[in-house]
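Written out below as structure tokens is the structure these notes cover.
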Amino acid sequence: MSTREVVTRFAPSPTGHLHIGGVRTALFCWAWAKKNQGRFLLRVEDTDQARSSESSTRGILKDLAWLGIDWDEGPELADDEGVVLGGDPRSVGPFFQAKRLEIYTQHLNELIEKDCAYPAFDTAEELAELRSAAEAKKETFRYHRAEDYDRDDAIARMNAGESCVVRLRAPAQEIVVNDCVLGEVRFGAGELDDFVIRKADGYPTYHFAVVVDDELMGVTHVLRGQEHLMNTPRHQALQKVLGFGTPSYAHMPLIFNADGSKMSKRDKDKAARKACKAAGLKDSPVACIDDAEFTRWMGDKRSQLASDQLSWLGREMGVELPEIDVEDFRASGYVPEALCNYVALLGWNPGMKCEDGTDLERFSMAFLAEHFSLERIGKSNAKFDRAKLLSFNAHTLQTMEAGAFVSCWKDYLSLYQPEMLTRFDDSQFELLASMTQPRCKTLRDALEPISFVIAGDDEIVFDDKAVRKVLLKGEPSGLSFLAEIEPVLRAVEPFQADEIEEAIKAFCEAREIGMGKVAQPLRVAMTGLGVSPPLGQTLEILGQQAVLSRIDRCAAAHAT
RNA sequence: GGCCCCGUCGUCUAGCCAGGUUAGGACACCAGGUUUUCAUCCUGGUAACACGAGUUCGAAUCUCGUCGGGGUCACCA
């Protein structure tokens, strides 16, 4: 074994948001570096001038930081605690490929000189023609340099500034990829064609940039999705002619939707479009989409709206769009611990048992950093199971320390519902947190079990079924108990959960009735429903005055 | 279509490499129980080795074939 330091990298292209597949790749790269006390670096693959954007880069960095996937080298970003992630301690940057053009050019010229690469002048139309001709003959199109290619002439034309691409002369031998997950994968001689390594705009293609950067940045392990498997022989061919080493490769299984379709932002368009169709909308219901654009989008199933337009639309239509990107999951109230834990289980598992004999599935980032292994990465594709993720999220939330839950919830609210933070003081907030923490599955749902607190006393809507069952049925009726309990509650002092519970319990014992006889009518009076957090807390958070007023209002509304 | 990868409960998977398990777990689902309601929690249950050959005393595990699913075939990454 070489003693060389392990270096992994996550290399997103900044053309959109960080999605689930990217999370898993980043997480595994991170974990493998940690496991080996190596480095995890981040590199931005922005060689597609048209599609790359700075805001998308920022978004991806922010998402990774939120997830707890911190990088040792790469673009700098200050996290929530003010710790700066990234940097360039080994001087292997810059980490934006668009800033590395001279480096690529240097290696590229070398290849041209050795006649391992050559300029080509075909137009897009000519190439399309060749492709369709090959297809008509039921053959695979592979570009190869023409027999009568005039190298000197071509180089002269290139130097004269004529627009051209540079292609690699594909090796004729078989290429064997030794993959840590898949084993030996053989690609027959002649499978490769002369692929483009520099585009007409002067930027390297992905293949060329990746190979050069991985070498120069000392990357030892490339973990990526299986969709890249067919790229690997190209990369190895390039490494060979450039005189570079070949890193270890590990191609991970892919992640799909439950129905087997690709997880894509299109799913959001699809859900939103469906809702708009169901509502029979002709014009745009939101200001950020004009009617012409809306009509076009509705009519073209393949068209897509921008992310923020979609979220406005979703809110307006009252539909939940499927979460695709990290920020969707964050907005839906998922916490990074749960998300990372669940995603890590897609295509990997620790192969360990808990003390009770069940398989170990719930673990922290620290655990992953300690136990992650390449040989336990699976080979078969996985379907993303939202129900299981939700269960992980609920479990994480419910097992948090009370204080941790409060600060986590506050962070969430400050981002998505800041008005809630000013509405309650700290002690009220803590009480609310203790009421909702055991019953919420996501941070977004956290207001649900306590919505009766937010509603005004006279805004409580009584559920017919609950009223009939709890208030009207039985002899004596719930309504009569409500009347009897009012003076008891009026006398409770201080008006706090324990004291309230105590007083009600004493009342029930004196009357020789079960708690439910009084608790349920009170619940209906307070919330309109037969469901609420424990009664003491429910009454305490409302305060004595509101409790009495809600009892009165309930009694008045259902007096016969 | 060419090339490549994969195939264990509905889903994620353990077991496979070094053949012998009542094929285990988690989520979901169903049925009970605990709780003043809800949530939690507890107990139990339904449910899988894609198919066919071969090797073997014995195959989820090894071999071959069939079928099925997926990836990829750009001046995108």
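These figures come from a predicted structure and were not determined experimentally. Throughout, protein chains are lettered first and strands after them, A, B, ... in sequence-line order, and every chain is numbered starting at 1.
Pairing partner, B:A23: none, since no Watson-Crick or wobble contact has both distances short of 3.5 Å. Judged by Watson-Crick or G-U wobble contacts below 3.5 Å, the nucleotide B:G7 has B:C67 as its partner. With a cut-off of 3.5 Å on both Watson-Crick or G-U wobble distances, the partner of B:C16 is given as none. Using the Watson-Crick or G-U wobble rule with both distances under 3.5 Å, B:G2 pairs with B:U72. Partner assigned to B:A77 is none, using Watson-Crick or G-U wobble distances below 3.5 angstrom.
In A:E126, the CD atom is crowded: over 12 heavy atoms of neighbouring residues, nucleotides or ligands sit closer than 6.0 Å. Residue A:E320 qualifies as open at atom CD: its count of foreign heavy atoms under 6.0 Å is 12 or below.
Here the nucleotide nearest the side chain of A:D385, chosen from B:C4, B:C75, B:C27, is B:C27. Checking B:U40, B:C3, B:U36 against every side-chain atom of A:M230, the shortest atom distance belongs to B:C3. The listed nucleotides are B:A77, B:G10, B:G71; the one nearest the side chain of A:Y206 is B:A77. Minimum atom distance to the side chain of A:A382 is reached by B:U13, of the listed B:A77, B:U13, B:U36. Among the nucleotides B:U72, B:G2, B:C12, the one closest to any side-chain atom of A:T140 is B:G2.
Annotation: cation-pi geometry satisfied between A:R145 and A:Y118 (NZ/CZ under 6.0 angstrom from ring centroid, within 45° of ring axis). By the 6.0 Å and 45° rule, A:R157 stacks over the aromatic ring of A:F121.
Applying the 4.0 Å criterion to OP1 and OP2 of B:C5, one finds that A:K379 has every side-chain N and O outside that range. A close approach under 4.0 Å does not occur between any side-chain nitrogen or oxygen of A:R142 and OP1 or OP2 of B:A74. Checking the phosphate oxygens (OP1, OP2) of B:A14, a side-chain nitrogen or oxygen of A:N349 falls inside 4.0 Å. One finds no side-chain N or O of A:K441 lying less than 4.0 angstrom from the OP1 or OP2 phosphate oxygen of B:C38. Taking only side-chain nitrogens and oxygens, A:T47 comes nearer than 4.0 Å to OP1 or OP2 of B:A77. For B:U37, the OP1/OP2 oxygens have no side-chain nitrogen or oxygen of A:K469 closer than 4.0 Å. The shortest distance between the side-chain N/O atoms of A:R131 and the OP1/OP2 oxygens of B:A74 is below 4.0 Å.
One can find a donor-acceptor pair under 3.5 Å joining the base of B:A26 and the side-chain atoms of A:K388. Between the base of B:G69 and the side chain of A:N381 there is no donor-acceptor pair shorter than 3.5 Å. On a pure distance criterion of 3.5 Å, no polar donor-acceptor pair joins the side chain of A:R439 and the base of B:U40.
Looking at heavy-atom distances under 4.0 Å, A:G347 makes contact with sugar-phosphate atoms alone, never a base. Using a 4.0 Å heavy-atom cutoff across all strands shown, A:R167 reaches sugar-phosphate atoms only and no base atom. Nucleic acid contact class of A:K262 (heavy atoms, under 4.0 Å, all strands): sugar-phosphate only. As judged by a 4.0 angstrom heavy-atom cut-off over every strand, A:V185 is placed among residues touching the sugar-phosphate backbone only. Counting non-hydrogen atoms under 4.0 angstrom, A:A200 reaches a base of the nucleic acid. Among the protein residues, A:S391 comes within range of the sugar-phosphate backbone only, with heavy atoms under 4.0 Å from sugar or phosphate atoms but none that close to a base. Using a 4.0 Å heavy-atom distance criterion, A:F384 is classed as making no nucleic acid contact. Contacts of A:R224 with the nucleic acid, taken as non-hydrogen atoms under 4.0 Å apart, are absent.
Residues A:H235 and A:H207 bring their aromatic ring centres within 6.0 Å. Ring centers of A:F384 and A:Y342: under 6.0 Å apart, within the cut-off.
If A:V196 and A:G351 are placed on RNA chain B by their nearest nucleotide, the residue sitting closer to the 5' end is A:G351.
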Show your working on side chain to side chain contact (heavy atoms under 4.5 Å, CB included) between A:L447 and A:T436 and close with a plain yes or no.
-> CA-CA 7 Å; A:L447 289 173; A:T436 201; over 6 Å; no
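Atom-to-atom, CG of A:L345 to P of B:A14 comes out at 10 Å; the value is rounded to the nearest Å. In this structure, the CG atom of A:L390 is 19 Å from the P atom of B:U11, given to the nearest Å. When rounded to the nearest whole Å, the span between CG of A:L346 and P of B:A26 equals 18 Å.
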